[in-house]
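Below is one structure, written out as structure tokens; comments come after it.
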Amino acid sequence: MDDVRANFDRDLANIQKDLLLMGHLVTKAMFDAIKALENKDEALAAKVIFGDATIDDLQISIEDRTLELIALQQPIAKDLRILSTALKMTTDLERIGDHAKKIAKFAHRIGQEPLIKPLVDIPKAATLAVKMVQDVLKAYVSMDAQMAMDVIDSDSKVDDICDVCKRDILFYMVQDSANIPQGTVLNKIIQRIERVGDHATNLAEWVVYLITGNRLKKMEDEK
Amino acid sequence: MENAIEIKNLCLHYGEHQALKNINMQIPKNKVTAFIGPSGCGKSTFLRTLNRMNDLIESVKITGNVLVDGNDIYQPKTDVVALRKKVGMVFQRPNPFQMSIYDNIAYGPKIHGQTNKKVLDELVETSLRGAALWQEVKDRLHVSAMGLSGGQQQRLCIARLLAVEPEILLMDEPCSALDPISTMKIEELLGELKERYTIVMVTHNMQQAARTADITAFFLLGEMIESQDTKIMFTNPRDKRTEDYITGRFG
């Protein structure tokens, strides 16, 4: 006879495993998109753009299996939190994948054009934003609510670097109007990186909910 | 929140075997409270202590207090008949009397002294309406109750209870012998009944507790492990044993 609970546990574990795989794919896409920008590597940019379809497929697969388990197993307590957070987290991860794809498209648009300024802060902000995502995934694996909370705190650092960077680019655009087209594109890239930090924050909030059963905003209000 | 029943340090022994261990709990008025737990955990035994149904079993010994409206029902001076009128019970299998639908309902008020036909007629109608059965049986009140479906019979038993004007309804797995549609009707009825009565229910169906109860209490090996707002119970229970049971990790 099949052990119903064991089968359910296996399905839950597979969903969590695929969520981590999705996390790995989006962080890699972000890294590659920035690398393509830095190295003017149009082939790598193209790889990121086409690779986004895999991430989208994975999202749909996770969502379908999650909805199926909700319908068939009527999960409660922690099981319900695992599945509901999987639904929310795939949305944020998929959006991060979209931002990577968009950054790769911008890298492609800049192509072999000389850069108006050396790329220092953009890779720095991107690395930090991607690290936030990686740390969330680590917190998810180790069920460490504190680690997830620390991720939320680091979002302001990403925002600070992005602000400095935007001001910097504005300066270059004011100095020489020929810098405006590329300056505008770089600004859009920064906005995307900022959004990745925001999605990492959302992910961290869901991990805290998964572990504690409490919504972070509510916990803060109660303090 | 006003309490209908207060239980203090309640212990129950069947001979040498202790079936309930030091239960402390409040059951709020006009709410549905559900008891869940694996078979043999003591939830039905506990339900039966609330209107002294265990008195009928010889080897039972009970200590502690059960206060209904502030009065300890285990005091020697308690009028057990009056208690069971106030705190009525619906059982797992519908048990209508072998008589007409009308007489099933009128039976209780009659033995409590009501003989006025007009009053009885009204009682039968309001009780059947209260149990959401009136529309289905109003044209055949004088046919045998044994011809009703299982779900209708269970609602008839609820109507029979309502006719003696209780305050608290105890239900021991009221839907376990019913099909899903009849179960849904009883569940809908619970929502209406709690406006006027306090309901305490034992159920093996966790989804039923989740759907219908305001408060859920989890029992294990004679102990009450956790009593919680149902929403919290099924999303974030406090005790690991509760979590393990409701998610099917043991039981």
Side-chain angles (χ1 to χ4, degrees), chain A residues 1-16 65-89 139-140 142-146 148-149 204-223, chain B residues 32-39 41 43 173 175-176 178-181 183-184 186-188 201-220 224-251:
Chain A
M1 199 179 81
D2 262 6
D3 185 333
V4 176
R5 179 68 225 189
N7 287 343
F8 181 34
D9 279 337
R10 189 199 55 219
D11 292 341
L12 280 177
N14 282 338
I15 283 174
Q16 289 178 288
R65 283 178 291 150
T66 303
L67 291 171
E68 197 178 291
L69 283 186
I70 290 173
L72 300 182
Q73 299 280 356
Q74 288 130 35
I76 45 179
K78 187 141 192 196
D79 297 334
L80 180 61
R81 297 207 300 277
I82 289 175
L83 292 173
S84 57
T85 49
L87 279 181
K88 300 296 287 187
M89 287 174 76
Y140 184 75
S142 55
M143 289 283 140
D144 186 339
Q146 189 52 53
M149 305 259 235
E205 285 175 357
W206 285 114
V207 171
V208 172
Y209 172 70
L210 167 65
I211 299 164
T212 64
N214 294 316
R215 301 296 295 271
L216 213 55
K217 288 224 161 59
K218 212 170 151 197
M219 283 157 75
E220 277 164 8
D221 290 347
E222 279 165 6
K223 268 187 204 168
Chain B
V32 178
T33 302
F35 298 162
I36 59 168
S39 297
C41 68
K43 55 192 188 303
E173 297 184 50
C175 301
S176 64
L178 305 184
D179 67 85
I181 303 288
T183 298
M184 197 176 74
I186 302 273
E187 287 181 5
E188 282 171 0
M201 174 175 67
V202 164
T203 179
H204 267 128
N205 180 339
M206 249 148 354
Q207 295 300 325
Q208 181 167 66
R211 283 193 297 264
T212 59
D214 301 292
I215 311 286
T216 302
F218 170 58
F219 287 78
L220 183 66
M224 194 202 63
I225 305 296
E226 182 168 356
S227 170
Q228 276 280 16
D229 182 319
T230 297
K231 282 182 196 147
I232 296 173
M233 192 72 158
F234 288 101
T235 52
N236 197 14
R238 211 171 28 218
D239 196 288
K240 173 138 193 332
R241 289 167 292 179
T242 315
E243 170 108 29
D244 285 349
Y245 177 71
I246 62 173
T247 57
R249 288 192 168 81
F250 77 81

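Lettering follows sequence order; numbering is per chain, from 1.
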Handout entry: Neighbour count above 12 (heavy atom, 6.0 Å) for A:L72 CG
Key = yes
Completion exercise
On a heavy-atom basis, the closest approach of A:I76 and B:T247 is O-CG2, 3.6 Å
Problem - Backbone N/O of B:Q207 and side chain of A:Q74: donor-acceptor pair under 3.5 Å - result: no
Practice task
Output yes when a side-chain donor or acceptor of B:N236 lies under 3.5 Å from a complementary backbone atom of A:T212, and no otherwise.
Solution key: yes
Practice task
Check whether any side-chain N or O of B:R249 sits under 3.5 Å from a backbone N or O of A:R5 as a donor-acceptor pair, and report yes or no.
Solution key: no
